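This report refers to the structure that appears directly beneath it.
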Amino acid sequence: MNSNKPTEKDISAFLHDELSAEDRALFQERVKTDAAFQDVVSEFESLDARLRKIPKVQTSDLLTAKIMRHVQQHGGKKKMLTGKKAAYLAIAASVLLSCGLLWIAITLKANATSPVPATMIAKTDQTNSKASHATATTKYDALDWLKRAQSPNGAWEGDLWGTGNQYTVGLTGLSLLAFISADQYQQPEYVNTVHQAISFLTKNQNEDGSFGPALSNQLYNHGIATVALLKAKLNYEAPVSTEAIKKAVAFILSSQTAEGGWAYTNEKDSPNSSISIWQLHSLALAKQIGILSSEEPIQRSIQWLQKLSDDQGVIGYKSAQNYPFGQSSLVAISGVVWLYDDAQTANQENLIEFKIRFQNELENIVRMPEQHLNYYQFYFLTSALQKLKETRQFSLAKKVEEILTTKQIKAGDQLGSWDPNDYWGPAGGRVYSTAMATISLAALR
Amino acid sequence: MHDYSQDEEVQWMLAVQKGDDKFFQKIVEKYQRSLLNLFYYLNANMQEGEDLVQETFLRVYLFRDKYTPTAKFSTFLFRIARNTAIDYFRKKKAILVKEETILEIPADENEDSWMEEKKDYLQMAIKKLPERLRSVVVMSYFEDMKYSEIAEILEIPVGTVKSRMNTAIIQLKQLMDLYENNQ
């Protein structure tokens, strides 16, 4: 200003205390004596105050680790990753304490031996007459659709909904889980639906404790049904027979391989992480509910799964770095496993590496949702997200929620459902896609 | 003349120069959010922003042996950050040649920002400013930098910072009037 008469050009400098003492005095003098100038200064002040209140962007809790790894990889240093172990342990512990276990795995398809014959995959979704009339739009459109799609015997029948009846038990378990996850199982309009589903599952338990037909992939049906019944029992005192649950858990224990995992039955197959996640979840819930007293089978399973992980913490299908269907679903499954394990035998550096990988997966989905539509994966992702509680991932979770909401059918016969047009949808059918999307949304809200 | 070698962050950087990498993590933790903020207002999307932050710190690390404390550490860092952004957007929009225009690339409308939940008209208005004005606003309001430091980073006279700031406020006010009157 050079001690000339202050002008509007000096206002910002005045507000930022960038004027000399002499110029500042001149400026203040003009404000006092010039009403028009005072008005202009007031407008600047108002905007200045608003600008000062704008918050900075939030960084991911993982950004430091990412940066240090990047520098380590490209900066010519051998090892730079340090610290934050206590913080991560605290996050993991608090998450587990507050949430407990919430694993829901569905894998009608995530296995090397396709559980659905090609002829079934080609079969299209049949519109069930019970679901053919649209109801008025409600908050619970998805549950209403599932309710309409239920058969009188309490099942969601695979043949009617784009897959095969060999998966009816699994689909019924998934649908039951949707009502439980959405916390609507006790609503008067859904109580009968839920009780019928429980009744169907328990009636379809075999002598050996297993659920569903004795096919090689029986453990998918069995694991889903067991988790659903355990959660029904755990969340509210549903009319679930304790004896039936005990038998179901005993079947899982008897099926566990020496390695600690679970494999296809009726054949000499090595265990895979996809089937195993269901059984592991069942055992964890059984432990929580007091039906299983020993931690040993759970720990054995986790240790086996840990051995399958690569250097980014992604658990392979049957062995480390074995990804016959790509990594996406396995990254999601790994999220659930890691968050269970890290409170107990945590390898913190691997956990950080995994969290970075997990975040990248989320970012890919948000960036290109159409190419990454996979309700099966979404379930695991959203289950893990419930526990991660990281700033950046919270906003990514909102994006996943938007993707799910956008894909829900808004009108017509299938109001409230999700088209089975995701990665596994052609095999899983509309009940699968709707139940999984419903559970995922419930996990995010 | 100020002896910058006594500044805390400069001490950290000198320690890194001697091989003590734990001080590099302290630098990262202190400045990552500021850099992300800068890149955000330079119209990087979320992923680009994090990548640019990583790249900036990598450049700082690679430069450690040549580092001499001739300015505040933040001045040194933000100058590298700005150059990193210019290089990045130059590659992204290879046809642009002038620095001033390289950073004028509009935000990708399909790429929602990670501040979306808190988006308001003022933030939108800031992102509409020409880059030469936007940088001044961001460094001043979000980093509390003095005009002299901003001038050093942008390599322009202090008087130019002052006039740019004033112009920025006037343009922001006009944009705000436009947004708020069209609600």
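Just so you know, these numbers use all the heavy atoms, side chains as well, and skip hydrogens, waters and symmetry mates. The chains referred to below are lettered A, B, ... by the order of the sequence lines, with proteins before strands, and numbering in each begins at 1. Model, not experiment: these values are computed from the prediction.
Chain B forms more heavy-atom pairs under 4.5 Å with one residue of A/Lys9, A/His16, A/Glu8 than with any other, namely A/His16. Chain A forms more heavy-atom pairs under 4.5 Å with one residue of B/Ile169, B/Thr56, B/Leu62 than with any other, namely B/Ile169.
Going from atom CD of B/Glu29 over to atom CE of A/Met68 covers 8.0 Å, rounded to the nearest 0.5 Å. Between the CG atom of A/Leu51 and the CG atom of B/Leu172 there is a distance of 6.0 Å, given to the nearest 0.5 Å. Distance CE/B/Met165 to CD/A/Glu18: 8.5 Å, rounded to 0.5 Å. B/Gln32 CD to A/Lys66 NZ: the interatomic distance, rounded to the nearest 0.5 Å, is 11.0 Å. With rounding to the nearest 0.5 angstrom, the OH atom of B/Tyr61 is 9.5 Å from the CD atom of A/Gln72.
A/Arg50 contributes no side-chain N or O that, together with a main-chain N or O of B/Leu122, makes up a donor-acceptor pair within less than 3.5 Å. The main-chain N or O of A/Lys56 is never found under 3.5 Å from a side-chain atom of B/Asn37 such that the two would form a donor-acceptor pair.
Between the side chains of B/Lys162 and A/Ser12, no donor-acceptor pair of N or O atoms lies under 3.5 Å.
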> Please walk me through it: do B/Gln25 and A/Thr64 pass side-chain hydrogen bond (donor to acceptor under 3.5 Å, both in side chains)?
Replying inline: CA-CA 8 Å; B/Gln25 183 157 333; A/Thr64 300; 5.9 Å; no

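When all heavy atoms are compared, the tightest approach of B/Lys173 to A/Leu47 is N-CD2, 3.7 Å. Of all non-hydrogen atoms in A/Ile11 and B/Asn166, the two that sit nearest each other are N-OD1, 3.8 Å.
Within the 4.5 angstrom heavy-atom criterion, atoms from both the backbone and the side chain of B/Phe57 approach chain A.
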